[in-house]
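Not measured: the values here are computed from a predicted model.
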Amino acid sequence: MTTGESPTIVASRVDRAKVVRAAARAGFVARGVLYLLVGALAVRIGLTGTGEQADRGGALAEVVSTPFGFVLLWALGVGLACMALWRLSEALFGAAGPKGDRSGTRALSGARFVFYAVSSFLVLSFAAGDRGSGAGSTDRQSQDLTSRLLSLPGGPWWVGAVAVGFLGAGLWIAGRAVLRKYREHLQWRRMSTLQRRFVDVTGTAGGVARGLVFAAVGFFGLKASIESDPGEAKGVDDAIRSFAQAPAGPWLLVAVAVGLVLFGVFSFGQSKWREV
């Protein structure tokens with residue numbers, strides 16, 4: 001306790017910390033569920049060639065089909081909102097760890113706040129009855145956004161900048177997974193050997209798969225920029241399906257899909273062992 005601080009102020013800080021920790025853990029669970037669903041849909045696509053959407057829209061449609069679908073939808077939306085609030089707290093007050101107060105770390109947390117806030121809004125809008133929001137195909141949304149950007153002065157450059165951002169983010173995510181940077185944010189010393197192995201398998205494979213999907217979205221965005229053709233842009237669904245066109249064929253798609261499932265499982269692990 002800092003000299004001069006009253007017990008009331010200290011207790012208030014402790015309470016806020018508890019709320020932030022609870023929000024972060026709820027957010028990781030919600031993110032894990034979404035990635036599990038997207039990954040499972042992608043596995044089905046790779047094995048059967050089904051026309052389902054392997055993206056957020058497909059995941060929400062899958063949730064709605066369950067007996068308590070709408071309750072789960074609200075829970076997912078609230079969980080993502082909790083994740084957004086946690087990232088906002090990191091942007092405003094700094095994150096856990098020795099590098100948590102750096103300006104770059106805060107800026108990254110701010111960007112993540114925007115991402116999860118938008119995701120939460122779309123899921124909650126869908127749960128409230130707006131079927132044109134969260135369940136929309138990310139492929140169509142990506143092409144619509146690309147078309148709008150291309151219509152602006154210097155449009156191809158705007159599209160290219162966004163695409164490079166996705167491509168860079170994908171490579172960064174995959175690279176950090178390979179280097180196992182996620183360990184820096186976990187209660188690593190308190191974890192058992194089995195728990196560490198579990199995190200390394202799910203975190204590495206899941207992070208690489210997630211990074212590949214982001215990079216694929218960026219790659220097709222660059223094609224759309226170079227050709228000034230919004231039809232070349234792809235969302236998560238078509239980006240995942242594009243792996244089937246590689247020399248390895250559908251098996252690469254299945255491998256990426258399994259990786260996304262593992263990332264969902266990794267998110268569950270983060271809800272328990274992440275330093276917040």
Side-chain angles (χ1 to χ4, degrees), residues 1-5 9-10 12-32 35 79-122 145 149 152 154 157-190 199 203-204 206-208 210-215 217-219 221-222 225 263 266-267 269-276:
M1 183 171 65
T2 304
T3 304
E5 285 188 343
I9 294 176
V10 174
S12 177
R13 288 184 177 179
V14 171
D15 289 340
R16 286 199 299 269
K18 289 180 179 179
V19 171
V20 169
R21 280 196 293 270
R25 304 204 190 290
F28 279 119
V29 171
R31 188 182 73 175
Y35 270 95
L80 292 173
C82 288
M83 177 71 91
L85 290 175
W86 171 53
R87 291 302 190 183
L88 178 61
S89 74
E90 286 190 328
L92 295 176
F93 308 112
K99 302 178 182 179
D101 204 37
R102 292 183 178 180
S103 57
T105 302
R106 290 194 176 200
L108 184 59
S109 293
R112 287 168 168 164
F113 158 70
V114 173
F115 175 81
Y116 286 112
V118 171
S119 297
S120 172
F121 172 77
L122 292 174
L145 176 61
L149 290 177
L152 299 174
W157 291 101
W158 288 107
V159 174
V162 174
V164 168
F166 271 94
L167 182 59
L171 296 177
W172 181 75
I173 290 169
R176 285 180 62 84
V178 171
L179 296 175
R180 299 177 179 178
K181 290 291 187 179
Y182 50 79
R183 290 181 176 182
E184 299 174 0
H185 305 291
L186 299 175
Q187 302 169 4
W188 195 253
R189 294 183 179 179
R190 300 180 184 178
V199 166
T204 303
V208 169
R210 186 182 182 222
L212 287 175
V213 172
F214 272 78
V217 171
F219 171 77
L222 280 177
S225 171
F263 186 78
F266 173 68
S267 293
Q270 283 188 301
S271 73
K272 180 176 177 62
W273 297 306
R274 172 84 183 211
E275 289 279 7
V276 180

Rounded to the nearest 0.5 Å, how far apart are [atom1] of [X] and [atom2] of [Y]?
X	Y	atom1	atom2	value
F214	L167	CZ	CG	12.0 Å
L80	L85	CG	CG	11.0 Å
E275	H185	CD	NE2	10.5 Å
R210	R176	CZ	CZ	11.0 Å

Checklist entry - What residue pairs, at least two apart or across chains, pass salt bridge (charged side-chain N to carboxylate O under 4.0 Å, His left out) with a residue in residues 106-120? => result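 Pairs touching residues 106-120 that pass the test: D101-R106.
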Might you point out which heavy atoms bring [X] and [Y] nearest each other, and give the distance in Å?
X	Y	value
A91	G110	CB-N, 3.7 Å
V178	T204	CA-CG2, 4.4 Å
A177	V208	CB-N, 3.7 Å
L222	A163	N-CB, 3.4 Å

Item to check | Partner residues of V217 under the side chain to side chain contact (heavy atoms under 4.5 Å, CB included) criterion, sequence neighbours left out | outcome: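 Once residues adjacent in sequence are excluded, the partners of V217 under the side chain to side chain contact (heavy atoms under 4.5 Å, CB included) criterion are F166, A239.
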Item to check | Qualifying residues under side chain to side chain contact (heavy atoms under 4.5 Å, CB included), relative to V118, sequence neighbours excluded | outcome: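 For V118, the residues satisfying side chain to side chain contact (heavy atoms under 4.5 Å, CB included) (neighbours in sequence not counted) are V114, L122.
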Residues in side-chain hydrogen bond (donor to acceptor under 3.5 Å, both in side chains) with [X], at least two apart?
X	value
S120	none
R183	D200
S89	none
E90	R87, S109

Next on the checklist: Taking ring-ring contact (aromatic ring centres under 6.0 Å, His included) as the definition, give me every residue that meets it alongside F263, ordered by chain and number, with sequence neighbours left out.
Outcome noted: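 ring-ring contact (aromatic ring centres under 6.0 Å, His included) check on F263 returns Y35, F266.
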Next on the checklist: Given 3.5 Å as the limit, does a donor-acceptor pair link the side chain of S119 with the main chain of F115, or not?
Outcome noted: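 Yes.
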Checklist entry - Mind checking what makes salt bridge (Lys or Arg N to Asp or Glu O under 4.0 Å) contact with K181, not counting sequence neighbours? => result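 By the salt bridge (Lys or Arg N to Asp or Glu O under 4.0 Å) rule, K181 matches E184.
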Checklist entry - According to the side chain to side chain donor-acceptor pair (under 3.5 Å) rule, which pairs have a member within residues 157-175, sequence neighbours left out? => result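 Of all non-adjacent pairs touching residues 157-175, none passes side chain to side chain donor-acceptor pair (under 3.5 Å).
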Please set out all donor-acceptor pairs under 3.5 angstrom arising from side-chain atoms of residues 24-32, sequence neighbours excluded.
unit_1, atom_1, unit_2, atom_2, d
R25, NH1, S271, O, 3.1
R25, NH1, R274, O, 3.3
R25, NH2, R274, O, 3.4
R31, NE, S267, OG, 3.0
R31, NH1, Y116, OH, 3.3
R31, NH2, S267, OG, 3.1
R31, NH2, Q270, OE1, 2.4

